[in-house]
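Heads up: the structure comes next, in structure tokens.
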Amino acid sequence: MNIPFTHHTIAFAPADPLGDGLGDEISIEQQEAERIDLREQFDPELASKWQEIVDDVEKDPSWFDFAKDE
């Protein structure tokens, strides 16, 4: 008895995180007059001070950067 075997591969299409209509909802909200736009509140002086704070914290010997923990 000879049984032929064929090998099939299964592949799934990548998931689209906005495929359920979320992208459309985001687009609609971005067009609303009452939307929040953080770019209007951007303060370059605050951004500069924040970078000074981050630089100072990173000098602490007990500082640990969780983003680099792999």
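Values below: every heavy atom of this structure, side chains too, minus hydrogens, waters and symmetry copies.
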Item checked: Glu45 atom CD, neighbour heavy-atom count above 12 within 6.0 Å ->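 Atom CD in Glu45 is not packed in, count stays at 12 or less.
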
Next item on the list: Would you indicate whether Ile26, at its atom CD1, is surrounded by more than 12 heavy atoms from other residues, nucleotides or ligands within a distance under 6.0 Å?
Entry: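 Yes.
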
Next item on the list: Give the C-alpha distance, both sets of side-chain angles, the deciding distance and a yes or no for side chain to side chain contact (heavy atoms under 4.5 Å, CB included) between Asp56 and Glu52.
Entry: CA-CA 6 Å; Asp56 189 41; Glu52 290 177 22; over 6 Å; no

Notebook entry, point to check: Would you say Ile28 and Ile36 are hydrophobically clustered, going by side-chain heavy atoms of ILVMFWY under 4.5 Å?
Noted result: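 They do not share one cluster, since no chain of ILVMFWY contacts under 4.5 Å joins Ile28 to Ile36.
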
Item checked: In one Ile/Leu/Val/Met/Phe/Trp/Tyr side-chain cluster, 4.5 Å: Phe64, Ile53 ->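 Unlinked, Phe64 and Ile53 end up in two clusters.
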
Notebook entry, point to check: Atom CG of Asp20 and atom CD of Glu25: how far apart are they, to the nearest 0.5 Å?
Noted result: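 It comes to 7.5 Å.
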
Check: Which distance, rounded to the nearest 0.5 Å, do you find between the CG of Leu18 and the OG of Ser27?
Finding: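 The distance works out to 11.0 Å.
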
Next item on the list: Quick one: closest heavy-atom pair of Arg35 and Gln30, and the distance?
Entry: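 Reported closest heavy-atom pair: CD-O, 2.9 Å.
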
